[in-house]
Amino acid sequence: MKAQDSAGDDDYVDWNTDDDLEIDNFQSSPPSSPVQSRAETLVGVAVTNSSLSSPTETTDLVQMGFSDEIFATLFDMGFPVEMIAKAIEEAGPNAETSVIIDTISKYSSDCEAGSSKSKAIDHFLAMGFDEEKVIKAIHEHGEENMEQIANALLSCAEAEKLPVEEEEDDIDWSLSDDEISYSDILISDDEKDPNSSNENGNQIRSLVRMGFSELEASLAVERCGENVDIAELTDFLCAAQMAREFSEFHTDPEEQKPRHDFKKRRLESKKEPRSSADDEPVRLPNPMIGFGLPNEPGLITHRTLPELARGPPFFYYENVALAPKGVWETISRHLYEILPEFVDSKYFCAAARKRGYIHNLPINNRFQIQPPPKYTITEAFPLTKKWWPDWDKRTKLNCILTVTGSAQLTNRIRLALEPHSGEPEPPKHVQRYVIDQCRRWNLVWVGKNKAAPLEPDEMENLLGFPKNHTRGGGMSRTERYKSLGNSFQVDTVAYHLSVLKPIFPDGINVLSLFTGIGGGEVALHRLQIRMKLVVSVEISKVNRNILKDFWEQTNQTGVLIEFSDVQNLTNDTIEGLMKKYGGFDLVIGGSPCNNLAGGNRVSRVGLGGDQSSLFFEYCRILEVVRARMRRS
DNA sequence: GGCATAATGAAGTCGCTC
DNA sequence: GAGCGACTTCATTATGCC
């Protein structure tokens, strides 16, 4: 069977010639800073969504004096970009930020004039209740009886030991087990004001359970009166919150966070005073198993996504878990406040790979691709068992990196061990030296006193790629190590993506950013999810060739389009692709970790680094896709 | 110039002890 | 809670060889 038969000229498009790349005004020069880059991005996105949709008009808008800082400010406050664009357009080029906020508020009021039922649904979804339960409660009590719905939902939550919040607790890794228990953040009956009336008490109690402080709840009841329903009280509090955010944005940098996460707000009041850092620190879970492992108890199958994160397309973002402080807070803030799912791939294969994943995928009905991977070193590499010394207790390898141990290192290990060949085992200090080096450089035993680094095909095996996936095709050995060290662990990613299979039985359109050697595509292929379209962006030519070869060798029937530089994938180009192919179902990618990874001794500077700042390009492109799909 | 090789810490987390 | 040590880490760069 000829691979070309299924992946001929009609199925593969290389858009990397200069003639095909249109660089618009927002991407023609590298951004001077990530902040600037994001602000420019937002201007571009917003204008694309507004009535001023052409590139020329986009440029004109900036030249007319619209401040990209205002965009960034309002975006950080949680307003949708198209709403910001519309408000700025209406308020005029010289409008103050406060005037634009007032305009946005007017839109919100207009929206409220719409369907009362959808309003009710949105109202309770925003509070973190499960959509199914909300719909059921509205059906039972009628959309006009907001208070009864709220009470029904709260009663339901209580009866189920507050599943919504408990589930959130399970996925909130900002807390360690010994810091605070869930019971600590609930207001008990004993803490109620004994002097308040029953009506007031119930309303305050309900508001407290929704995440507002007791003081806020009391003030709301005092200001709105005793006879208003719970919906009106929450609207009052949200409005006050919005106003306070705007004020705080210009006064106290520590309080600039969006406050729609009720759970987080409660925790802030109980935890230590915040540091000077911008965000609540994201802590790594222990064990690092995300929402749970296949075939293991304790699986979490439900979570409540922030409202902004809902809706198509699905997106899946990945990066190193052990990033410098504050990085994951920033990433989360730019990806709709979704908390990362931290997973160590040592639970999926024989090598560690600690990564954070931010996605809006469902998490129920995940399944593992078959055959399951080998979980220990000796299972994965049986020939090492013969030479593995008893005093080397490792059963898992550390993270596969982009470089390997040297020949000189393995020789030093041999020289350290040989003098003790006749002894039952080498002295402890020798053992210590050898084990340290084996851990540091991920060495395996391939002969007597012979420790060796992994071969590229062994790495492919551990990472879930087909044998020889990175071999040949112009790929040097050094490049293989580098690309494999930077890739996904396929079994882990496939487990997360498996939920897409029943959702898209006819296949999906994929926008793959920072594709690398195609870990996401391999995962989808192994899940037997048809890829109708893959638009791939990858800077490395040899990596692009690897994906192209994979596409041909696996007889894919869809269309593969490859771009080289994510910064050259303009908003207009994305729009054009979506118009032609009908949109994207999945935006997947892990932006460069060079400036985040612990192994970088030179430029581990965080998201401001030359490479890692491309994360903001992921945000830009994702927002363009989302905006387009919201319109259609 | 391309490739392979080898040397180059520090940041952060975790567990333990006091 | 503070202090300490153990442990891990999608890397960068200089150098030499062909």
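Side chains included, hydrogens not; waters and symmetry mates left out as well; all remaining heavy atoms used.
- Contacts between residues 586-606 of chain A and DNA chain B, defined by a heavy-atom separation below 4.0 Å, involve A/G598, A/G599, A/N600, A/R601, A/R604, listed by number.
- Separating the CD atom of A/Q408 from the P atom of B/dT8 is a distance of 11 Å, rounded to the nearest angstrom.
- The side-chain heavy atoms of A/F465 and A/T470, taken from C-beta on, include no pair separated by under 4.5 Å.
- Toward the 5′ end of DNA chain B lies the nearest nucleotide of A/A407, the other residue of the pair A/A407 and A/K325 mapping further downstream.
- Across all strands shown, A/R353 has heavy atoms under 4.0 Å from base atoms, whether or not it also approaches the sugar-phosphate.
- In this structure, A/L322 places its CG atom 21 Å from P of B/dG9, rounding to the nearest Å.
- Note: A/W391 and A/W445 have perpendicular aromatic rings, judged against thresholds of 30 and 60 degrees for the angle between ring planes.
- Distance, A/I400 CD1 to C/dT8 P: 15 Å, rounded to whole Å.
- Within residues 467-483 of chain A, no residue has a heavy atom under 4.0 Å from DNA chain C.
- Distance OG/A/S536 to CG/A/L569: 10.5 Å, rounded to 0.5 Å.
- Phosphate proximity of C/dT8 to A/R439: present, with a side-chain N or O under 4.0 Å from OP1 or OP2.
- A cation-pi contact links A/R626 to A/Y336, judged by a cut-off of 6.0 Å to the six-membered ring centre and 45° from its axis.
- Using cut-offs of 30° and 60° on the angle between ring planes, the pair A/H496 and A/Y316 is tilted.
- Counting to the nearest Å, the P atom of B/dT8 and the CD atom of A/Q437 are 12 Å from each other.
- Put simply, CG on A/L401 is 18 Å from P on B/dG9, counting in whole angstrom units.
- Taking atom CG on A/N398 and atom P on C/dA6, their separation rounds to 17 Å, with Å as the unit.
- No side-chain heavy atom of A/N442 sits less than 4.5 Å from a side-chain heavy atom of A/L401.
- What separates CD of A/E460 from C1' of C/dC10 is a distance of 16 Å, to the nearest Å.
- Between A/Y618 and A/F514, the ring centre distance reaches or exceeds 6.0 Å.
- Residues A/F488 and A/V522 form no side-chain contact, since every pair of their non-hydrogen atoms from C-beta on lies 4.5 Å or further apart.
- Among the nucleotides C/dT9, B/dT13, C/dC10, the one closest to the side chain of A/N486 is C/dC10.
- Put simply, CE on A/M288 is 15 Å from P on B/dG12, counting in whole angstrom units.
- Between A/Q489 and C/dC10 there is no side-chain polar atom (N or O) within less than 4.0 angstrom of OP1 or OP2.
- Put simply, A/K354 has a side-chain N or O that comes within less than 4.0 Å of OP1 or OP2 on C/dT9.
- Side-chain contact annotation: A/N571 with A/R620, donor-acceptor N/O pair under 3.5 Å present.
- We find that A/E455 and A/R480 are not joined by a salt bridge, their nearest charged nitrogen and carboxylate oxygen being 4.0 Å or further apart.
- Side-chain contact between A/L409 and A/L443 is present, with heavy atoms from C-beta onward closer than 4.5 Å.
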How would DNA chain B look in dot-bracket form, 5' to 3', counting Watson-Crick and G-U wobble pairs with both distances under 3.5 Å and writing | for bases paired to another strand? ||||||||.|||||||||
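- Nucleotides C/dC10 and B/dA6 place their P atoms 23 Å apart, quoted to the nearest Å.
- The environment of A/K396 atom NZ is dense: over 12 non-hydrogen atoms of other residues, nucleotides or ligands sit within 6.0 angstrom.
- The phosphate of B/dA6 (OP1 or OP2) has no side-chain N or O of A/R440 nearer than 4.0 angstrom.
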